[in-house]
Amino acid sequence: MTSAPPVVTRFAPSPTGHLHIGGARSALFCWAFARRHGGHFVLRIEDTDQARSSDESARGIMEDLAWLGIDWDEGPELKLPDRTVGGDPRSVGPFFQARRVHLYNQYIMQLVERGRAYPAFETTEQLEAKRKAAVAAKQTYRYDRAALRELPEVKDRLKRIESGEPHVVRFLAPAEEVIVHDQVLGDVKYGEGEMDDFVIRKADGFPTYHFAVVIDDELMGVTHVMRAQEHLNNTPRHVALQRALVRDDADGRPFKTPVYGHMPLIVNMDASKMSKRDKAKVARAAARRFVDAFSEDDLFVRFEQVWKETKDLPENPRPPNDLKETFGDFLSGESDSVFWAWVMSRMLGIELPEIEVSDFRQNGYLPGPITNFLSLLGWNPGMKLPNGKDLEKFDNQFLAQHFDIERIGKSSAKFDRAKLLSFNADAIGALTDEAFAAEWRAWCRTYEPALPNHLDDRRWLILARAVKQRARTMRDGVKSAAFVLRPDDSSEFDKAAVEKNLLAGDRAGLKLLAEFRDLLAKIDPFEPAAINSAIEAFAAGKGVGMGAVAQPIRVAVAGSPVSPPLGETLAVIGRQGALKRIDTCLATLSPNR
RNA sequence: GGCCCCGUCGUCUAGCCUGGUCUAGGACAUCACCCUUUCAAGGUGGUAACACGGGUUCGAAUCCCGUCGGGGUCACCA
């Protein structure tokens, strides 16, 4: 055991999918706060929902955190090529809640024995009926304590628990007012009688979130809890639990209440909560449009086909018993599965909103601008640059040195992708050509393998240099580089561009192109600078502007009027390829054909 | 609906705690112009906000009250 760190923060995701972008900000702030104060940042996996948790999700979340540069001092170990993250220096693990059930049970029994918790036997259906009745009568539903009245004596409660009869355990909520001292929001009061007897252990024997959090935060010595404001209303329950519990070890002291700070929510541009469900919403809306235009059966045929194609992907969940039913559930809104949303997006050719860290990674965002942008959602360093402008570009290291709870804002922040995109573009622009070439190549190898396979190192660097300043994301760069993948003998050309740049004015462009073709064969070396000056000299010799020469060439080699500068474009294509493309163009547009 | 939180340009925000220096600053987006072989990039400039109503005060974006508006949460999910 090492001595207790001055500050212990934690991030406690449930492994039911990828890391949510909002979760990433929570983790980032907790990490930064721990760093700032020389403390520890703990990663704990809250997998008490057996049905929805998976090891793959836990692993994915850890990889995404590490990718963002958020390393945890304590928690499950993750071996990376360059380092290992995690560990258990204070012996407070394990860090998967499913492996801590014995601890929770110990404290559940403590509460039952001391009369602060009791078993209850209603079925979910019975409870649901009561809840509905209360809503119908326009009353606030609260658990009616029927089970408590049934078992007034502690010894009878213990007996019933031991009998093996299915039950949940409920916490006997205190009647008194609870004040949460929040570092961000100030004192938040919850009046007496607001809390009901919430469940602390489910029928399957696992603790509920509320209970597990309180036990683990105490046992792991968490000093500061920073989380999103959606949890604010849970906090009085946690405080009540902390007041009711004492440590099971020798000193038997009461539980401590950590310092709380509730961060503003990150929401969509329409102010709704940003959640994974948004993917399903977008996919469903598109699917319904399709159904309106065609038919549900048509959609299902395509759905089945895409599903079969993607069957072996790791994201694919267990095969459903009835695909038609799964399909129906998704369409009706019964299910909001991210995976089925993805299948829908594939078959309908639509883009899903980026919600999870992996979405941004796939779409070619860099980790630096993501954490930088995230830092500014609900926090601000409040510093000026020497030129008087606000300081807002910084890295994780800066955050770790300057982050403070006092400067966390109170109002929710809309997630403006346009600004993130701009940050990402700036970060790409700040890379050296060589660094960008390497990063871009690495990204392409995973997400767009055709492109790098096509080019050697020399040409890749020329391409990367040309693409860098027009790429806001790695994926964007692929668009600018589309000309690389064009077959040299392709006879498809942008129609309007052919008219405008090659055929207009009695085929003036085409004539210049034919003349330039022979010059091109002689340019030496076949490098961007030499090619560019050859084109300039050619234009000057003809007494025409650069545009009159450049656009015909561009259309001929790229098939479209848009490409990186011609020197670079031609050098990447190579002399032979360029000649072939121009010849194909000339032949295609020849009047004799 | 109950409970809780919030309210500065379209968006993220600085300023608010410790009223005057705020004719409210920056960034993204947007518009115009410049540069330019296309697309970008870059440069210059512009439009644009203190939710509303009452107080307190010589003076309010800043303090107080109310109204309105937005959001969160009300599970054997976390």
Side-chain angles (χ1 to χ4, degrees), chain A residues 12-14 16 46-49 51-53 120 122-124 127-128 131 135 138-142 167-170 180 182 184-185 188-191 194 196 198-204 206 208-210 212-213 228-236 262 264-265 267 269 271-273 373 376-385 387-393 406 409-423 425 429 466-472 476 479-480 497 501 532 535-536 539 545-555 558 560-566 569:
Chain A
S14 72
T16 56
E46 308 219 327
D47 55 350
T48 53
D49 184 343
R52 295 198 304 149
S53 297
E122 292 90 342
T123 62
T124 312
L127 256 15
E128 191 55 37
R131 196 173 294 123
V135 172
K138 293 195 173 169
Q139 289 188 328
T140 308
Y141 172 77
R142 274 205 185 78
H167 67 278
V168 300
V169 177
R170 287 179 181 271
V180 176
D182 190 280
V184 174
L185 301 169
V188 182
K189 288 186 187 117
Y190 292 86
E194 286 291 332
D196 75 346
F198 57 95
V199 173
I200 56 180
R201 185 169 70 194
K202 299 179 271 186
D204 64 5
F206 279 81
T208 58
Y209 158 73
H210 302 297
V213 164
Q229 269 178 32
E230 57 186 306
H231 290 292
L232 181 62
N233 293 326
N234 292 151
T235 311
H262 286 90
L265 246 29
V267 300
M269 289 305 277
S272 63
K273 190 174 160 182
F373 176 72
L376 262 9
L377 259 26
W379 186 79
N380 189 289
M383 294 180 195
K384 300 275 183 202
L385 259 11
N387 65 7
K389 296 188 171 184
D390 292 359
L391 172 78
E392 62 171 11
K393 293 285 177 67
E406 294 74 48
K410 296 181 179 185
S411 50
S412 58
K414 292 189 175 123
F415 191 88
D416 186 358
R417 286 183 180 74
K419 184 152 180 167
L420 203 214
L421 203 53
S422 165
F423 271 39
V467 152
K468 197 179 90 172
Q469 62 195 156
R470 55 212 90 215
R472 293 158 80 77
D476 247 7
K479 281 183 214 146
S480 314
N501 300 307
N532 275 329
I535 297 174
E536 271 166 37
M546 274 294 277
V549 179
Q551 283 309 85
I553 302 173
R554 196 181 316 271
V555 173
S560 94
V562 176
S563 88
L566 273 182
T569 302

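Residue numbers begin at 1 in each chain, while the letters A, B, ... track the order of the sequences. We use all heavy atoms of the structure for the numbers below, so side chains are in, but hydrogens, waters and symmetry mates are not. Please read all numbers here as calculations on a predicted model, not as lab measurements.
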Measuring to OP1 and OP2 of [N], would you say a side-chain N or O of [X] lies under 4.0 angstrom away?
{"X": "A:Lys202", "N": "B:rA78", "result": "yes"}
{"X": "A:Thr48", "N": "B:rA78", "result": "yes"}
{"X": "A:Lys138", "N": "B:rG1", "result": "no"}
{"X": "A:Lys419", "N": "B:rC12", "result": "no"}
{"X": "A:Arg131", "N": "B:rA75", "result": "yes"}

Using a heavy-atom cut-off of under 4.0 Å over every strand shown, decide if [X] touches base, sugar-phosphate, or nothing.
{"X": "A:Arg52", "answer": "base"}
{"X": "A:Gly429", "answer": "nothing"}
{"X": "A:Tyr190", "answer": "sugar-phosphate"}
{"X": "A:Asp204", "answer": "nothing"}
{"X": "A:Pro13", "answer": "nothing"}
{"X": "A:Lys273", "answer": "sugar-phosphate"}
{"X": "A:Arg201", "answer": "nothing"}
{"X": "A:His262", "answer": "nothing"}
{"X": "A:Arg170", "answer": "sugar-phosphate"}
{"X": "A:Pro565", "answer": "base"}
{"X": "A:Glu406", "answer": "nothing"}
{"X": "A:Lys393", "answer": "nothing"}
{"X": "A:Ser563", "answer": "base"}

Between [M] and [N], how far apart are the [atom1] atoms? Round to whole Å, please.
{"N": "B:rU62", "M": "B:rU56", "atom1": "C1'", "value": "13 Å"}
{"N": "B:rU44", "M": "B:rG71", "atom1": "P", "value": "40 Å"}
{"N": "B:rU21", "M": "B:rG42", "atom1": "P", "value": "35 Å"}

Nearest-Å distance, [atom1] ([X]) to [atom2] ([N])?
{"X": "A:Asn532", "N": "B:rU36", "atom1": "CG", "atom2": "P", "answer": "15 Å"}
{"X": "A:Arg417", "N": "B:rC28", "atom1": "CZ", "atom2": "C1'", "answer": "15 Å"}
{"X": "A:Lys414", "N": "B:rU13", "atom1": "NZ", "atom2": "P", "answer": "10 Å"}
{"X": "A:Lys410", "N": "B:rC16", "atom1": "NZ", "atom2": "C1'", "answer": "10 Å"}
{"X": "A:Asp182", "N": "B:rC3", "atom1": "CG", "atom2": "P", "answer": "20 Å"}
{"X": "A:Glu128", "N": "B:rC76", "atom1": "CD", "atom2": "P", "answer": "9 Å"}

* Can you check whether A:His167's main-chain N or O pairs, donor with acceptor, with A:Glu122's side chain at less than 3.5 Å? ->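 Flag not set: sc A:Glu122 to bb A:His167 has no pair under 3.5 Å.
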* Asked: Judged by atom type as modelled, is there a donor-acceptor pair below 3.5 Å linking the side chain of A:Arg554 to the main-chain atoms of A:Ser563?
  -> yes
* Between A:Tyr190 and A:Asn233, do the side chains contain an N or O donor and an N or O acceptor separated by less than 3.5 Å? ->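 There is such a pair (donor and acceptor under 3.5 Å, judged by atom type) between the side chains of A:Tyr190 and A:Asn233.
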* To do: Give a yes-or-no answer on whether the side chains of A:Ser53 and A:Thr16 include a donor-acceptor pair shorter than 3.5 Å.
  => no
* Would you kindly compare A:Val199 and A:Thr140 by the position of their nearest RNA chain B nucleotide and give the one closer to the 5′ end? =>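 Looking at RNA chain B, the more 5' nearest nucleotide goes with A:Thr140.
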* To do: Select from A:Ala418 and A:Asp49 the residue whose nearest nucleotide in RNA chain B is closer to the 5' end of that strand.
  => A:Ala418
* Asked: Considering only side-chain heavy atoms of A:Arg470, which listed nucleotide, B:rU13, B:rC4, B:rA40, is closest?
  ->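 That would be B:rA40.
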* Out of B:rC3, B:rC76, B:rA27, which nucleotide sits closest to the side chain of A:Val168? -> B:rC76
For [N], the Watson-Crick or wobble partner whose two distances fall under 3.5 Å:
{"N": "B:rU36", "result": "none"}
{"N": "B:rG20", "result": "B:rC58"}
{"N": "B:rG45", "result": "B:rC31"}
{"N": "B:rA14", "result": "none"}
{"N": "B:rG66", "result": "B:rC52"}
{"N": "B:rG2", "result": "B:rU73"}

* Do A:Arg470 and A:Asp476 meet the salt-bridge criterion of a basic N to acidic O distance under 4.0 Å? ->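 Between A:Arg470 and A:Asp476 there is no salt bridge, as every charged N stays at least 4.0 Å from the carboxylate O atoms.
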* A:Glu194 bridged to A:Arg142 by N-O distance under 4.0 Å ->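 A:Arg142 and A:Glu194: salt-bridged.
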* If the plane angle is over 60° it's perpendicular, under 30° parallel, otherwise tilted; pick one for A:His210 and A:Phe198. =>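 The rings of A:His210 and A:Phe198 stand perpendicular, inter-plane angle above 60°.
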